[in-house]
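First comes the structure, then the notes that go with it.
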Amino acid sequence: IDNDFRFGRWPLCLYAEWKEVPYAEVSTRKKTFAEVQTERLDQAERTVLIKCPSKINEKKLLQYLSSHGNVKSHFFFENRGISALIEFSEKGSIASLQDAVGIPSASEHHVVPFKSRLFTFTLKNPGSQRIEETPLHLSPQCHIPVKDLIEKLCLADSISSQMYMLLNEYQLTEENIKLRFLACSLVRDFTCAYFPDSTVKPFGSSVNTFGKLGSDVDMFLDFRDTGKHATKMKKGPFEMEYQMKRLPSERLATQRILSVIGDCLDNFGPGCVNVQKILNARCPLVKFAHQPTGFQCDLSVSNSIAIRSSELLYIYGCLDSRVRALVFTIRCWARVHGLTNSAPGTWITNFSLTMMVMFFLQRRSPPIIPTLDQLKELAGKHSCFCGYCSLFNFFIILKTNFSLLLLMALVFFPLDVLLGEFFEYFGNFDFRKNSINLRKGKEVNKPESSPLYIWNPFEQDLNISKNVNQPQLEKFVAMARESAWILQKEDKTQQIMDKEPWGLAALLIPFGKSNSSKMKNRMKGIGSETIRSLLDSLKLNNANSQQKAVGK
């Protein structure tokens with residue numbers, strides 16, 4: 001029995017059906033993507049960030065802050081010193097606190113007068129202050145090193161347990177999520193000076209349940225609330241509308257907006273450093289480091305495709321806990337072996353890799369997750385969001401169309417089986433001919449000659465993996481085949497007796513570094529033979545293509 005069943009993490013609808021829980025109760029257990037966003041943004045609006053002295057009395061600090069209003073939650077973390085995130089119950093408490101805070105002295109540097117929600121607390125008489133006897137609990141904001149992770153994984157009792165252990169070590173914590181939304185809210189304080197009805201929201205890994213501790217924050221400036229005003233003045237004999245600057249294209253408007261916001265953050269934003277305006281990219285953005293929270297941030301303007309992709313992954317991540325555990329495992333494995341990189345380049349991105357995992361889970365028999373076309377069909381007349389249902393509607397439809405999820409959930413394969421199947425599937429995938437289409441959940445002929453072709457689920461004329469070149473794809477295939485070989489051949493009991501890493505831990509050591517003599521022997525084995533034959537075939541195809549090109 002897999003860990004999901006042992007610990008009660010069943011798919012929501014399955015749990016409700018078999019446990020006979022009323023549907024009204026079920027519907028409150030999972031929130032829609034939009035509901036979560038709204039709650040988090042509201043939470044961030046009631047939050048401040050305080051830089052504290054190295055020796056701080058937690059009780060006295062909270063006692064002082066409580067004089068301005070009820071402190072709903074708080075935590076401490078280390079980032080260029082000790083900082084505290086404080087969430088009040090009411091927004092009015094922040095105004096009360098701001099009225100009691102002084103302006104920094106301008107004796108050394110002239111300060112820009114901006115009343116933000118970033119504060120610095122100092123002790124007036126440090127010597128007379130009683131040092132806190134109980135040390136502060138600091139919330140971790142980055143995951144443990146791979147070396148320490150491998151040691152922990154060796155203590156698990158199964159590969160499935162190892163994968164869940166990796167998930168728990170790497171996934172975003174509640175505190176880190178709050179900090180990400182606060183970073184967006186602090187940027188919004190500046191954008192509202194120019195665009196009062198705009199909001200700044202995170203997207204991508206920060207909100208799709210697949211975010212890793214230490215990852216960047218992708219955020220976008222949203223003007224959808226501004227557009228709602230266009231439908232308000234329809235009654236009566238007159239129509240009124242705002243006079244606005246008119247530009248020849250949406251792209252130019254986006255570039256102008258980001259240029260102004262970038263300058264504003266660079267010149268006046270507390271803690272915003274290394275601001276870069278990348279306005280000529282396909283998706284214009286502003287990159288900057290936000291020192292108070294410790295995040296590297298990318299700010300763009302309303303990107304509906306990115307939001308849809310975030311919501312889709314949120315749905316998949318909520319359907320079955322094996323999905324997230326498998327994605328985190330594959331992404332960690334890929335980073336260890338140099339298949340992915342935080343810098344742009346010709347390698348596979350984390351987003352492309354995540355989509356490959358989703359496609360595999362759609363393609364295996366029986367499937368673990370539905371295709372996008374199946375989601376649309378299930379949604380029916382309840383559909384929204386450009387033909388695809390939100391998570392809330394999806395659960396409503398699954399309540400009356402239970403057979404599909406029942407089929408996927410009843411045959412519950414352990415995570416270690418899915419991990420091995422993933423490596424085998426893509427180790428033998430015909431990348432020369434086929435592309436990856438999550439909309440249909442099928443291998444279809446490639447429309448162009450890119451080495452790796454993954455259809456954008458919501459913009460079908462785009463290949464999200466267009467950057468990947470042939471050598472990087474060959475490296476991925478080789479690593480997948482070698483990993484499948486390791487999972488099939490290595491003896492867990494013998495490895496434990498020899499005090500060697502086993503299971504997932506063995507996969508997270510760069511091949512050739514764990515045991516050079518064993519690696520040389522393996523290179524003579526079946527796994528490496530298949531790798532060499534694959535690489536030879538790829539080289540042969542490249543040579544044939546070149547000959548044909550010369551002939552033409």
Side-chain angles (χ1 to χ4, degrees), residues 31-47 91 117 177-209 211 216-232 241-242 244-245 247 249-265 269 272 275 277-279 281-288 290 293 295-315 351 384-386 388 390-392 456 458-459:
K31 297 173 182 176
T32 69
F33 181 79
E35 287 171 346
V36 172
Q37 289 273 84
T38 300
E39 288 185 11
R40 292 287 190 187
L41 290 169
D42 177 70
Q43 192 178 58
E45 292 294 313
R46 295 182 277 104
T47 301
K91 286 183 66 174
R117 285 176 286 143
I177 294 173
K178 286 183 177 181
L179 202 57
R180 288 167 181 266
F181 276 86
L182 176 61
C184 294
S185 182
L186 293 172
V187 172
R188 180 182 181 269
D189 289 344
F190 280 94
T191 64
C192 283
Y194 295 95
F195 313 105
D197 293 322
S198 66
T199 57
V200 177
K201 300 177 182 178
F203 68 95
S205 62
S206 295
V207 296
N208 64 19
T209 75
D216 297 350
V217 177
D218 295 315
M219 57 181 75
F220 72 100
L221 188 60
D222 189 11
F223 294 105
R224 282 187 290 183
D225 289 340
T226 304
K228 293 177 182 178
H229 291 295
T231 60
K232 289 186 177 180
E241 61 182 15
Y242 289 105
M244 294 184 175
K245 183 79 173 182
L247 296 171
S249 69
E250 181 181 2
R251 179 177 175 82
L252 181 58
T254 295
Q255 291 172 327
R256 295 274 182 89
I257 291 169
L258 287 177
S259 180
V260 170
I261 298 301
D263 287 340
C264 185
L265 292 174
C272 295
V275 178
K277 297 186 290 185
I278 307 175
L279 305 180
R282 191 179 71 85
C283 180
L285 57 88
V286 173
K287 297 179 72 73
F288 62 96
H290 193 252
T293 57
F295 292 125
Q296 295 292 325
C297 303
D298 290 351
L299 174 66
S300 55
V301 175
S302 299
N303 188 339
S304 60
I305 301 299
I307 300 305
R308 294 177 195 174
S309 299
S310 300
E311 182 170 10
L312 176 66
L313 290 178
Y314 175 82
I315 293 173
F351 181 64
C384 62
F385 206 53
C386 295
Y388 295 96
S390 68
L391 183 61
F392 180 72
N456 186 311
F458 299 102
E459 205 166 3

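For clarity, every value in this text was computed on a predicted model and none was experimentally measured. For reference, positions follow the sequence shown, starting with 1.
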If only atom types and distance count, is the side chain of S310 paired as donor or acceptor with the main-chain N or O of N208 below 3.5 Å?
-> no
Minimum heavy-atom distance V207-Y314, with the two atoms named = O-CD1, 3.8 Å
Checking side-chain contact (heavy atoms from CB on, under 4.5 Å) against T254, which of S302, P284, S259 comes through?
-> P284
Interatomic distance, CG@D218 vs CG@L285, rounded to 0.5 Å, equals 9.0 Å
Closest heavy-atom pair and its distance - C297, H290 | SG-CB, 4.0 Å
Measure across L252 and S249 and return the closest heavy-atom pair with its distance rounded to 0.1 Å.
-> N-OG, 3.1 Å
Side chain proximity check, Y194 to I257, heavy atoms < 4.5 angstrom | no
What distance separates R40 CZ from R180 CZ, expressed to the nearest 0.5 Å?
-> 11.5 Å
Does some side-chain heavy atom of F190 sit less than 4.5 Å from a side-chain heavy atom of C272?
-> no
Can you tell me how far OG of S198 sits from CZ of F220, rounded to the nearest 0.5 angstrom?
-> 11.0 Å
For R251 against A281, the heavy-atom pair lying closest together | NH2-O, 2.8 Å
What closest approach, in Å, do K201 and D222 show between heavy atoms, and which atom pair accounts for it?
-> NZ-OD2, 3.1 Å
Is D263 close to K277 at the side-chain level, that is, under 4.5 Å between some pair of heavy atoms?
-> yes
Which distance, rounded to the nearest 0.5 Å, do you find between the CG of L41 and the CZ of F181?
-> 5.5 Å
Can L312 and F458 be said to form a side chain to side chain contact (heavy atoms under 4.5 Å, CB included), step by step?
-> CA-CA 10 Å; L312 176 66; F458 299 102; 4.2 Å; yes
Value rounded to 0.5 Å, distance of CG in L258 from CG in L221 | 7.5 Å
Nearest heavy-atom contact between D216 and S206 is O-OG, 4.0 Å
Any side-chain heavy atom of E39 within less than 4.5 Å of one from D42?
-> no
Would a 4.5 Å heavy-atom cut-off, applied to side chains only, mark T191 and V200 as touching?
-> yes
Between R117 and L182, does a side chain to side chain contact (heavy atoms under 4.5 Å, CB included) hold up when you go through it step by step?
-> CA-CA 10 Å; R117 285 176 286 143; L182 176 61; 3.9 Å; yes
From I315 atom CD1 to T209 atom OG1, the distance as rounded to the nearest 0.5 Å | 10.5 Å
Side chains of T47 and K178: closer than 4.5 Å at any heavy-atom pair?
-> no
